[in-house]
Amino acid sequence: MNVVILAAGMGKRMQSALPKVLHPLAGKPLLQHVIDTARELSPRKLCVIYGHGGAAVPQMVEQQNNGQFAAIDTALQEPQLGTGHAVMQALPQLDESQPTLILYGDVPLTTADSLRRLVQAAGSDKLGILTVEQANPFGLGRMVRENGKIVRIVEEKDASDEERKIREINSGIMVAPTARLKAWLSTLSNNNAQGEYYLTDIVAKAVAENMEVVSAHPSAEWEVAGVNSKVQLAELERRHQLNLANKLLEQGVTLMDPARIDIRGSLTCGRDVTIDVGCVFEGNVQLADGVKVGAHSVLVDASIGAGVQIKPFCHIEGAEVGAQSQIGPYARLRPGAQLAQDVHIGNFVEVKNSIIAASSKANHLAYIGDSTVGARVNIGAGTITCNYDGVNKHRTVIEDDCFIGSDSQLVAPVTVGAGATLGAGTTLTKNAPAGKLTISRAKQITIDSWQRPVKIKK
Ligand code: UD1
Ligand code: CA
């Protein structure tokens with residue numbers, strides 16, 4: 001099969017400098033959704049027609065050509081003279097022995113299942129159109145049928161009052177035998193209300209040649225909904241998020257409110273996972289069995305072990321959290337944070353590029369960066385690893401069973417030996433020996449003769 005994706009329209013109503021098809025839905029450009037769905041059908045040829053937005057669209061497509069799939073071609077449509085004219089730009093790249101499926105770059109949520117049904121219905125010798133009955137068909141092309149058979153499509157602006165009452169609309173998604181498609185397109189005229197070369201005119205041409213025109217239908221209207229404005233983009237985003245949430249519910253995940261979750265990537269959940277409201281998941285996130293994610297947490301490219309509790313308001317990115325650990329509230333795990341099992345990271349603790357072994361705790365107000373922390377270590381409130389000298393980063397090593405007193409600064413590179421204790425307020429600039437108390441603190445004195453000043457009366 002050949003797939004042509006039309007993406008040359010300018011999307012004026014988006015009110016944006018970004019080409020319409022590059023606006024993200026669920027964190028991914030609209031066009032990317034369409035490309036990903038097309039690839040599920042393993043097309044022999046895939047061609048994106050672009051126009052507005054300069055090099056941005058072909059650049060985005062080029063990034064897809066990573067060798068994993070057959071390369072995507074692009075073709076420039078300039079000027080944009082209509083949907084039929086758009087498809088013409090792809091013709092030189094299509095394989096005539098295979099049918100051609102036409103998709104729209106601004107219709108992101110069509111399922112591969114619906115497309116497969118359409119392609120199957122059309123076979124290799126029929127014209128197939130994805131259509132749907134719509135309560136409000138205003139603005140869309142109407143399917144004109146005679147004796148139940150499709151005979152042509154009429155655009156809103158060209159339709160009679162009678163035709164405007166038709167509720168069955170053209171989604172725009174079609175599949176056609178490629179050799180015939182070429183012949184029909186070469187005879188299109190722009191003699192219509194909009195002065196455009198309408199792709200939809202091929203339907204009457206097929207009927208004139210006695211070719212059968214068949215239709216298939218999506219499971220729901222949103223599958224063929226296009227994005228022309230930010231309002232429509234926001235509506236489709238919510239629809240898509242609800243679909244994703246419903247899938248999670250069906251898998252047994254507990255969502256405190258399926259209308260208040262955002263997944264912008266892939267979220268994999270084990271059994272008995274609970275997610276509270278307002279959480280955002282980006283990139284690739286894995287939650288193992290029994291994980292609880294507290295309200296308003298953001299997880300990006302993270303792997304969370306079994307039984308972990310993430311309390312509200314955490315930001316976790318590029319991190320691994322071992323089983324049974326407790327994170328937050330208000331914790332920040334940055335890229336390279338690797339926590340073993342049963343680690344506790346409490347409020348206002350930041351961990352970056354650090355390995356923390358089992359059962360260690362940093363419960364309040366700490367910064368652990370570029371560090372290797374052993375098992376059963378207790379890091380007191382206000383502890384800071386001073387990993388950056390203004391030019392280079394250095395490592396801090398805290399061995400097993402250490403106790404780091406509150407408000408300590410560990411000036412890296414520095415090592416705290418196994419079982420060592422640092423007294424509160426220590427500024428550690430040299431290694432602390434294992435098993436001993438190390439403390440750096442100005443000696444405490446009391447001044448017996450001191451008196452508190454009294455207010456002088458004026
Ligand atoms: C088209 C159909 C209409 C259908 C509707 C569904 C035609 C003549 N009409 O309407 O029957 O109900 O889609 O949304 O085909 N595009 C280009 N180059 C162009 C013009 C459009 O690439 O010169 C692309 C747009 O970027 C968009 C798609 O084609 O992705 C549809 O264009 P749009 O103008 O939104 O559709 P209509 O012509 O209004
Ligand atoms: Ca449109």
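Order of appearance sets the numbers: ligands from 1, and atoms from 1 within every ligand. The chain is numbered in sequence order, starting from 1.
Of the polar atoms of Leu199, none of the N or O atoms is found under 3.5 Å from an N or O of ligand 1, judged by distance alone. Polar contact check, Gly9 against ligand 1: a nitrogen or oxygen pair lies under 3.5 Å apart. An N or O contact shorter than 3.5 Å is missing between Asn228 and ligand 1 by distance. On a distance-only criterion, Tyr198 and ligand 1 share no N/O pair closer than 3.5 Å.
Here the closest heavy-atom approach between residue Gln232 and residue Gly226 is recorded as OE1-O, 3.6 Å. Closest approach of Lys20 and Leu30 over heavy atoms only: O-CD1, 3.4 Å.
At least one heavy atom of Ala7 lies less than 4.0 angstrom from ligand 1. Residue contacts with ligand 1 include Leu81, since one or more of its heavy atoms lies under 4.0 Å from the ligand. Residue contacts with ligand 1: His85 is excluded, as none of its non-hydrogen atoms falls under 4.0 Å. Within the 4.0 Å heavy-atom cutoff, Ile49 does not count among the residues contacting ligand 1.
Applying the salt bridge (charged side-chain N to carboxylate O under 4.0 Å, His left out) test to every pair with at least one member in residues 170-185, sequence neighbours left out, gives these pairs: Glu96-Lys182, Arg180-Glu209.
Under a 4.0 Å criterion applied to the non-hydrogen atoms of Leu140, ligand 1 contributes the atoms 5 (C), 6 (C), 12 (O), 14 (O).
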Please tabulate, for side-chain N and O atoms in residues 2-14, each donor-acceptor pair with protein atoms closer than 3.5 Å (sequence neighbours left out).
unit_1 : atom_1 : unit_2 : atom_2 : d
Asn2   : OD1    : Asp95  : N      : 3.0
Asn2   : ND2    : Asp95  : O      : 2.9
Asn2   : ND2    : Gln98  : O      : 3.2
Asn2   : ND2    : Pro99  : O      : 3.4
Asn2   : ND2    : Thr100 : OG1    : 3.1
Asn2   : ND2    : Thr178 : OG1    : 3.3

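Formation of a donor-acceptor pair under 3.5 Å by the Glu156 side chain with backbone atoms of Gly139 is found in this model.
Closest heavy-atom approach to atom 20 (C) of ligand 1 among the candidates Gly51, Gly82, Ala225, Gly11: Gly82.
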